[in-house]
Amino acid sequence: MLTGEYAERILLHYEDPFHQGNCPTATHSTFRDSPLCGDWVRIDLVVTPEGVIDSAWFDGEGCVISQAAASILVERVAGMTIEAARQWPARSLLELFGPGLSPDRQKCCLLAWRTLHAAIDCPTAYDKLPNEK
Amino acid sequence: MTITTGSATQLNVESIRDDFPVLKRASASGAPLVYLDNGASTQHPVAVIEAMSDCYRDFYANVHRGIHTLSEESTRAFEIARDTVAQLLNAASIVEVIFTAGTTAAINTVARSWGDANVKQGDCILLTIAEHHANIVPWQQLAERTGCQIAFLPVDTDGKIAADIVRDHLERLRPKMFAFTAVSNVLGSEFPVAQWTRLGHEFGATVLVDAAQAVPHMPVDVQAWDADFVVFSGHKICGPTGIGILYGKESVLESMPPFLGGGAMIRTVSTNGYVVGELPQKFEAGTPPIVEAIGLAAAIDYVRSVGLPAIHAHERQLARIAIDALSTVEGVRVFGPPADQRAGIVSFVVDGMHPHDISQWLDMRGIAVRAGHHCAMPLHHDLGVPATCRASFYFYNTLAEAENFGLAIAEMQRKFARRRRT
């Protein structure tokens with residue numbers, strides 16, 4: 001049986017993620033990685049002139065937890081103002097994800113949260129991956 | 001060194017396991033603990049735990065300091081520990097055995113002391129790509145200080161390095177230092193230390209051997225190896241953390257300036273300066289890891305009583321069982337040499353599964369492995385993977401544990417590997 005952090009809901013986010021891919025109309029975008037395991041997540045935000053996140057997208061590679069958490073995050077932050085997203089605490093993503101994450105796996109979960117916070121401050125510069133054209 | 005591998009294990013593993021209290025506990029999931037993370041650190045027999053608590057309880061004091069009963073008893077036990085290490089390594093003299101904080105501290109001592117005194121701009125340090133960060137970064141720091149160059153020997157797809165590759169690099173680069181691991185902590189490759197040392201010396205290199213994954217698992221004779229430096233850690237041979245060994249040839253250690261300054265490493269100190277003390281205290285500034293040395297000696301006595309040739313044969317058998325099981329699982333890639341030519345270290349990846357997820361799956365079944373780059377990022381870059389899973393065995397692991405590890409991976413592949421993004 002799959003239990004805890006591998007609950008069916010998480011696996012579904014991993015297999016069929018929300019808003020995965022490149023957003024060509026992104027106004028804010030960056031990526032972050034985890035040198036420990038090589039996981040990476042990129043977050044693209046489409047922010048309206050009023051400062052509201054119209055939609056959020058992610059791309060990445062990594063473990064079930066880091067990628068499912070990114071899917072959960074981009075689903076959740078759509079509709080938030082930039083300021084609200086900036087204030088959105090890490091524990092909120094951990095709570096959305098669900099119980100059972102050890103401290104080490106919480107780092108996997110929060111890769112997307114770190115990336116979101118970085119992306120908010122990357123309005124025009126599109127940080128390309130090293131292997132990206 | 002030739003070690004024959006018997007078809008049946010010669011160890012009474014069940015009786016050995018009775019000596020290790022932690023092996024009786026369960027993991028967080030409630031499953032019995034299967035500890036396969038020995039490459040990172042090993043567990044402790046009662047003999048080690050009691051040797052250390054006996055010291056704290058009965059005769060602890062600082063060493064080489066006081067003319068009183070406790071100090072003399074502690075000093076005696078501390079120096080017996082040094083002799084125990086010298087015997088384990090077959091060192092020519094006990095002054096060649098320096099207590100350090102660990103393998104990392106030992107290599108840093110050589111890079112700082114020997115390196116700063118002998119290496120200059122344009123010189124070369126030759127390493128292998130399979131080194132642990134502890135045998136890379138101290139040399140990169142030396143390069144920052146001196147402008148020396150660092151070159152890496154490549155490993156082939158079998159996790160080996162052919163002798164003519166080693167010879168070619170030595171002949172072309174003429175490195176001042178040739179520093180390499182005896183056993184790769186990722187690949188399980190057992191490199192031919194005596195042969196490489198001979199080649200290194202032939203081309204004028206000083207040779208350092210990182211034996212952190214070798215000394216706990218096979219007989220090591222530093223005089224047969226003939227290396228100038230051999231280093232290892234206490235906590236990988238059932239001993240405590242915070243202690244490691246820097247073995248150096250007496251003539252080489254004598255020629256080196258001290259590294260850390262402070263108490264114990266001096267003969268005299270005045271307001272005008274200091275006079276350096278004799279070996280081995282010359283490299284042991286400050287209060288040494290006294291109780292850790294006593295614990296390390298108890299660990300060495302224990303491991304030698306089990307028998308290092310039998311330990312090596314047993315671990316090779318465990319690795320073979322694990323590799324045979326993994327080879328039947330679809331999408332599994334095992335790194336390193338064939339099973340009959342390697343140490344008890346099995347690193348692998350499973351197609352479509354992240355090493356962290358594999359590790360978590362195994363932990364739910366009580367099986368402790370390590371996932372990540374194992375402090376060998378250059379090697380993982382070379383292998384083309386950011387991270388691997390590693391099962392690393394020790395003599396207290398049973399054949400059934402190796403089999404169950406293989407079964408758990410097969411079960412995981414069946415249930416989980418198909419759960420991937422489409």
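Please read these numbers as outputs of a predicted model, since none were measured by experiment. Numbered from 1 within each chain, the chains take letters A, B, ... in sequence-line order.
Rounding to the nearest 0.5 angstrom, the gap separating the CG atom in Asp104(A) from the NE2 atom in His356(B) is 7.5 Å. Atoms SG and CD, on Cys108(A) and Gln360(B) in that order, are 8.5 Å from each other to the nearest 0.5 Å.
Residue Val64(A) comes nearest to Asp357(B) through the heavy atom pair N-OD2, 2.7 Å, listed as atom of the first residue, atom of the second, then distance. Of all the heavy atoms in Cys37(A) and Ala387(B), the pair that sits closest is O-CB, 4.0 Å. Minimum heavy-atom separation, Pro386(B) to Gly38(A): CB-CA, 3.7 Å.
Atom CZ of Arg145(B) is surrounded by more than 12 heavy atoms from other residues, nucleotides or ligands within 6.0 Å.
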